[in-house]
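Only one structure is covered here, and it is reproduced in the block below.
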Amino acid sequence: MRPVISLRSATLMSPLFFAAPAFGFTLIGSGGLKGWDTQTLEFHINPENCPDDVNDLMDKALNVWNQIPTLGVHLTRGSDSASTITDALAGTSDSTPTVHCVTDMAAVGLNPEVIPGVATGQQVSGSGHLNYGVLILNANVGASANIKTLNENLVIDVMAHEVGHILGLGHSTDTNALMYYDASKRTTASVSQDDVDGITYLYARNELGPNDMLGGCAVIRGKTANPRGQVDVFFLLLPFLPLLTGLSKKRRCMGKA
């Protein structure tokens, strides 16, 4: 796992009371790190040596992050990768980030008895954005930390944790956080507020984008799969219909002539 480089924390102090220190998320690498410069990040698995259900496990791990409403990047599983772990660690994968199941963890400098997975090889572009990463899963036969012998919930937790590192997060001091280093502290893969704060810092959702809430304009959408949402929006905007009608005649939208 990547070392913790920077720590962000805050303590609220008052003449009347003292609050406990807030947990702070950390980032990998040096200060000023930016996330991947994309709206959709694909993880490419080399299925060799992996469990038969590795695709399903990966989808569930990615969904742990995708469920965060403030996340400005969508994580998905891309096409399989033909790159070997040697290619990946050399920085020459045909796609990135890649996921590999390794049968000889010691050969890549990892202890197979205690490390079920690790994120490594992260690279940063000249603009400060992440643009390369490798996720290694332990498939070492007979090893205690072989993911093929672990509980599914634990494997999903491990994979989601390592995805967090690929995205640029370091470890958290919050024992409830997905990014806490010890997976045994959690029973299921889920994010804490600290995880949400960290990932939103790197990938803040653009609320004024064309595909986000209200599409950047105060409009009433057509029929969707969420009729209750339509009603909520309608009643919210009803008092302002005269104003909206006037604006629509001028063909204007917030921030655009």
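Basis for what follows: all heavy atoms, side chains included, without hydrogens, waters or symmetry-related copies.
- Under a hydrophobic-cluster definition in which Ile, Leu, Val, Met, Phe, Trp and Tyr are linked whenever side-chain heavy atoms come within less than 4.5 Å, directly or via other members, Leu150 and Val141 are assigned to different clusters.
- Each disulfide bond (SG atoms under 2.5 Å apart) pair with one or both residues in residues 59-95, not counting sequence neighbours, would appear here, but there are none.
- No donor-acceptor pair closer than 3.5 Å links the side chain of His44 to the backbone N or O of Thr96.
- Shortest non-hydrogen contact noted between Glu113 and Ala143 is OE2-CA, 3.6 Å.
- Note that the CD1 atom of Ile85 and the CE atom of Met105 stand 9.0 Å from one another [nearest 0.5 Å].
- In summary, the side chains of His74 and Thr76 do not present any donor paired with an acceptor at a separation below 3.5 Å, with no hydrogens or angles considered.
- Shown here are the side chain to side chain donor-acceptor pair (under 3.5 Å) partners of Tyr132, two or more places apart in sequence or in another chain: Ser93.
- Counting only residues at least two apart or on different chains, no disulfide bond (SG atoms under 2.5 Å apart) pair has a member in residues 112-168.
- For the pair Trp36/Pro97, a side-chain contact is recorded, criterion being any heavy-atom separation below 4.5 Å from C-beta on.
- For the pair Asn138 (side chain) and Pro112 (backbone), a donor-acceptor distance under 3.5 Å is present.
- Just one of Leu137, Leu135, Val99 meets the side chain to side chain contact (heavy atoms under 4.5 Å, CB included) condition when paired with Ile45; it is Val99.
- Contact check for Asp157 versus Thr188: no side-chain heavy atoms found under the 4.5 Å cut-off.
- The closest side-chain heavy-atom distance from Asn153 to Thr187 is not below 4.5 Å.
- Atoms OH and OG1, from Tyr181 and Thr173 in turn, are 11.5 Å apart once rounded to the nearest 0.5 Å.
- Considering OH of Tyr203 and CG of Leu41, their distance stands at 6.5 Å, rounded to 0.5 Å.
- Between the side chains of Asp94 and Ser83, a donor-acceptor pair is found at a separation under 3.5 Å.
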Which donor-acceptor pairs under 3.5 Å do side chains of residues 49-58 form with protein atoms, sequence neighbours excluded?
| unit_1 | atom_1 | unit_2 | atom_2 | d |
| --- | --- | --- | --- | --- |
| Asp56 | OD2 | Lys60 | NZ | 3.3 |

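- Here the side chain of Arg205 pairs no donor or acceptor atom with the backbone of Ile68 at under 3.5 angstrom.
- The heavy-atom pair separating Pro47 from Asp80 by the smallest distance is CG-OD2, 3.8 Å.
- In terms of heavy atoms, Asn46 sits closest to His100 at CB-ND1, 3.9 Å.
- Of the possible polar contacts, one joining the Thr26 side chain to the His171 backbone as a donor-acceptor pair under 3.5 Å is found.
- Looking at heavy atoms from C-beta onward, Leu178 lies out of side-chain contact with Leu169 at the 4.5 angstrom threshold.
- In this structure, Phe25 and Tyr201 have tilted ring planes: the angle between them lies in the 30° to 60° band.
- Note: Lys34 NZ to Leu130 CG = 11.5 Å, rounded to the nearest 0.5 Å.
- Nearest heavy-atom pair, Leu33 versus Leu202, reported as atom, atom and distance to 0.1 Å: O-CD2, 3.8 Å.
- A search for side chain to side chain donor-acceptor pair (under 3.5 Å) contacts involving Gln193 returns Asp197, not counting sequence neighbours.
- Of all heavy-atom pairs between His165 and Ala119, the closest is CB-CB, 3.5 Å.
- Side-chain contact between Thr103 and Asn140: absent, with no pair of heavy atoms (C-beta onward) separated by less than 4.5 Å.
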I would like to know whether Leu167 and Leu75 meet side-chain contact (heavy atoms from CB on, under 4.5 Å); could you show each step before the answer? CA-CA 10 Å; Leu167 294 175; Leu75 310 179; 3.8 Å; yes
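- In the displayed structure, Gln39 atom CD is contacted under 6.0 Å by at most 12 heavy atoms of other residues, nucleotides or ligands.
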Evaluate Val155 against Met159 for side-chain contact (heavy atoms from CB on, under 4.5 Å), listing each step before the verdict. CA-CA 6 Å; Val155 175; Met159 294 174 71; 3.8 Å; yes
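- Rounding to the nearest 0.5 angstrom, the gap separating the CG atom in Asn176 from the OG atom in Ser192 is 6.5 Å.
- Checked by atom type, the side-chain pair Ser172/Asp194 shows a donor-acceptor distance below 3.5 Å.
- Taking 4.5 Å as the limit, every side-chain heavy atom of Asp37 sits out of range of all side-chain heavy atoms of Ser127.
- Taking the salt bridge (Lys or Arg N to Asp or Glu O under 4.0 Å) definition, one finds that Asp195 meets it with nothing, sequence neighbours left out.
- The two residues His161 and Tyr180 make their nearest non-hydrogen contact at CE1-O, 3.3 Å.
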